[in-house]
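Input: a single structure, listed below in structure tokens.
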Amino acid sequence: MAYVAVKGGERAIDAAHAWLAEARRGDPAVDEIGVDQIASQLGRAVDRVMAEGSVYDRDLAALAIKQAQGDLIEAAFLLRAYRATLPRFAATLPLDTGRMRPLRRISAVFKDLPGGQMLGPTTDYTHRLLDFALAEGGTPPPAPLATPDAADIPRVHDILGHEGLIEPDPVAGGEPADLTRQPLAFPAARDARLQALARGDEGFLLSLGYATQRGYGHTHPFVGEIRMGEVAVEIEPPELGFAIEIGDLVVTECQMVNQFAGSKTTPAQFTRGYGLAFGQGERRAMAMALVDRSLRAGELGEDATGPAQDVEFVLSHCDNIEATGFVEHLKLPHYVDFQSELEVLRRIRGEATP
Amino acid sequence: MPADQTERQRWMSVLARAERAAIEACLAEAAPLPPHTRLRGPEVGLVMLRGRAGGGGAAFNLGEMTVTRCTVRAEGVVGHATIAGRDTAKAELAARLDAALQTPTHAEALHRAVIAPLAAREAERRAALAARAAATRVDFFTLATMRS
């Protein structure tokens, strides 16, 4: 494929960008939106941009959303581009989600589980009716408070794990694959798959997860547990020689429990899919867990019949920044390519006509 | 905070979580920090956040996070800070405090004026969140049926 530098568009481009800036600002009679307002009041958009941009920084994601006029894929693209300008200091110790300070924790498989079920600030059970009072604005009444239970909140799969009814966590390996350093290679191991899914397009993951439920690679999923809350981030700087906490981040974790697998050597047990998302990303975490599980078809000896079980298909297409780059590049001048196609077509037709 | 943390780990984690304005407000009540020289930074960069497959299994790369780090020397003691976010002034302040807190002549006063109130404020913030979460706990009850 050849591209030809085309000159002469500079003035038009400058004018287009000036208009874009004006359009972004919108009606000057309306207050300009602040990045702090986006960060604090459009939190779910911020979460999504951080996940797909693959950088946890609420203020940067909010700025990207403002700059992109609310186009979340464009915002994720801006964030991903910014990250390329920064050096990487370290990798963190793996987040210990078992020590999460949960704001929400539910299970669809056990009603009464140790630690209980806490709904958190959920949109579940709302009636999805437009709330016209919000258009007026105002301060909501304070949320009720209660005395927290001091007891630990064990993971649901640890409860089943004691009886050997559920597969254990995969054994820790060496240094995990890093798609920001090495390009994706197939067959991709689970560490590379989880990284790709964690930053994959939410809509794409959601549709694939939905497809598995509808029969394109059915895995009989149950939500073992969803928990959302704050987790400490720890690094171990070499100059210190011990681990330090550098802050917290909010993540949502989904443990999907799926139908059994067993073999001659292993008795039948539930299998699992795993989802982990930045912020309050419950739909993303659930979809990721469904797709993580369906991508294990080969390992678990299942027939791979659906797209969601095809590792190469899923991983090659789940990144919306790569996808938008390749789709949108079709807008760029292809004058020479097209000219050559046109000539071929004329020749074919010329030869066909007597 | 985990019980196995050393004193230094504890104050570093308190400083990392505090807002810069809150640190500055505490410092306004304390004796001035000793003069310092920068050894490195403050500089903004990234750390790669890792998760574990299944929550407890093999590590995978989840995505990155912005961080700022700074290393200083004050009165011959090296202080270090790495904090989430991009606040270079806060990272430098945290590194200076880390150095001063390791210096016996400053440690006690700074613990009292800075670390204790910041830790209390963080504990309060966590308690407020936990109390809201606790109020959303579901108390299941089984309806008695008419048939016995």
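A note on names: the letters A, B, ... follow the listed sequences, proteins ahead of strands, and every chain is numbered from 1.
- Counting only heavy atoms from C-beta outward, the side chains of A:Arg88 and B:Val47 never approach each other to under 4.5 Å.
- In this structure, the side chain of A:Arg272 engages the main chain of B:Gly54 through a donor-acceptor pair within 3.5 Å.
- Put simply, of A:Pro102, A:Cys254, A:Ala243, A:Pro237, the one with the most heavy-atom pairs under 4.5 Å next to chain B is A:Ala243.
- Annotation: B:Arg121, atom CZ; neighbour count of heavy atoms from other residues, nucleotides and ligands within 6.0 Å does not exceed 12.
- With a 6.0 Å radius and a threshold of 12 heavy atoms from other residues, nucleotides or ligands, A:Glu299 has its CD atom above the threshold.
- With a threshold of 4.5 angstrom between heavy atoms, A:Gln117 approaches chain B through its backbone and through its side chain.
- In the displayed structure, B:Glu108 atom CD is contacted under 6.0 Å by at most 12 heavy atoms of other residues, nucleotides or ligands.
- Contact annotation for A:Glu167: neither backbone nor side-chain heavy atoms come within less than 4.5 Å of a heavy atom of chain B.
- When side chains are defined from C-beta on, B:Phe60 does not count as touching A:Arg193, because their heavy atoms never get closer than 4.5 Å.
- Put simply, the side chain of B:Arg40 reaches to within 4.5 Å of the side chain of A:Glu239, judged on heavy atoms.
- Within the 4.5 angstrom heavy-atom criterion, only side-chain atoms of A:Tyr274, from C-beta onward, approach chain B.
- A cation-pi contact, defined as under 6.0 Å to the ring centre and within 45° of the axis, links B:Arg69 to A:Phe89.
- Considering only heavy atoms from C-beta on, A:Asp149 comes within 4.5 Å of B:Arg137 through its side chain.
- Nearest heavy-atom pair across B:Arg17 and A:Gly247 is NH2-O, 3.8 Å.
- In terms of modelled atom types and a separation under 3.5 Å, the side chain of B:Arg52 and the main chain of A:Asp169 share no donor-acceptor contact.
- Contact annotation for A:Glu234: neither backbone nor side-chain heavy atoms come within less than 4.5 Å of a heavy atom of chain B.
- Counting heavy-atom pairs closer than 4.5 Å to chain A, the top residue among B:Gly56, B:Gly85, B:Ala127, B:Ala130 is B:Gly56.
- With a threshold of 4.5 angstrom between heavy atoms, A:Leu93 approaches chain B through N, CA, C or O but not through any side-chain atom.
- In terms of heavy-atom pairs under 4.5 Å with chain B, the best-connected choice from A:Thr97, A:Ile244, A:Leu194, A:Val233 is A:Leu194.
- Proximity to chain B is absent for every atom of A:Thr122, based on heavy atoms less than 4.5 angstrom apart.
- With a 4.5 angstrom heavy-atom cutoff, A:Asp292 does not touch chain B via any of its atoms.
- Of the listed residues B:Leu129, B:Val44, B:Leu62, B:Val67, the one with more heavy-atom pairs under 4.5 angstrom with chain A than any other is B:Leu62.
- For the set A:Ala289, A:Gly273, A:Ala177, A:Pro94, the count of heavy-atom pairs under 4.5 angstrom toward chain B peaks at A:Pro94.
- Residues B:Arg50 and A:Leu95 fail the side-chain proximity criterion, which asks for heavy atoms closer than 4.5 Å.
- Counting heavy-atom pairs under 4.5 Å between each of B:Gly51, B:Ala128, B:Ala84, B:Ala131 and chain A puts B:Ala131 at the top.
- Not a single donor-acceptor pair under 3.5 Å links the side chain of B:Glu64 to the backbone N or O of A:Arg83.
- The candidate from A:Gly98, A:Pro148, A:Pro142 with the greatest count of non-hydrogen atom pairs under 4.5 Å with chain B is A:Pro148.
- The backbone N or O of B:Asn61 sits nowhere less than 3.5 Å from a side-chain atom of A:Asp191 that would complete a donor-acceptor pair.
- Note: B:Met48 CE to A:Ser54 OG = 6.0 Å, rounded to the nearest 0.5 Å.
- B:Asp87 contributes atom CG, which lies 10.0 Å from atom CG of A:Asp59 (distance to the nearest 0.5 angstrom).
- Counting only heavy atoms from C-beta outward, the side chains of A:Asp57 and B:Arg86 approach each other to under 4.5 Å.
- For chain B, the nearby part of A:Arg155 is the side chain; its heavy atoms alone come within less than 4.5 Å.
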Between B:Arg8 and A:Leu240, is the side chain to side chain contact (heavy atoms under 4.5 Å, CB included) condition met? List the steps. CA-CA 11 Å; B:Arg8 189 169 177 211; A:Leu240 292 181; 3.6 Å; yes

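- For a residue to count as touching a neighbouring chain, one of its non-hydrogen atoms must lie under 4.5 Å from one of that chain's; by this rule A:Ala232 touches chain B with backbone and side chain alike.
- No part of A:Asp96 comes within reach of chain B, as not one of its non-hydrogen atoms sits under 4.5 angstrom from that chain.
- You'll find the side chain of B:Gln9 stays beyond 4.5 Å of the side chain of A:Glu245, heavy atoms only.
- Closest of all the heavy-atom pairs between B:Ala59 and A:Pro176 is O-CB, 3.3 Å.
- In this structure the side chain of A:Ile235 reaches within 4.5 angstrom of the side chain of B:Thr82, judged on heavy atoms.
- Contact count versus chain B (heavy atoms, under 4.5 Å) is highest, among A:Arg199, A:Arg190, A:Arg58, A:Arg101, for A:Arg101.
- Rounding to the nearest 0.5 Å places OG1 of A:Thr85 at 8.0 Å from CG of B:Leu46.
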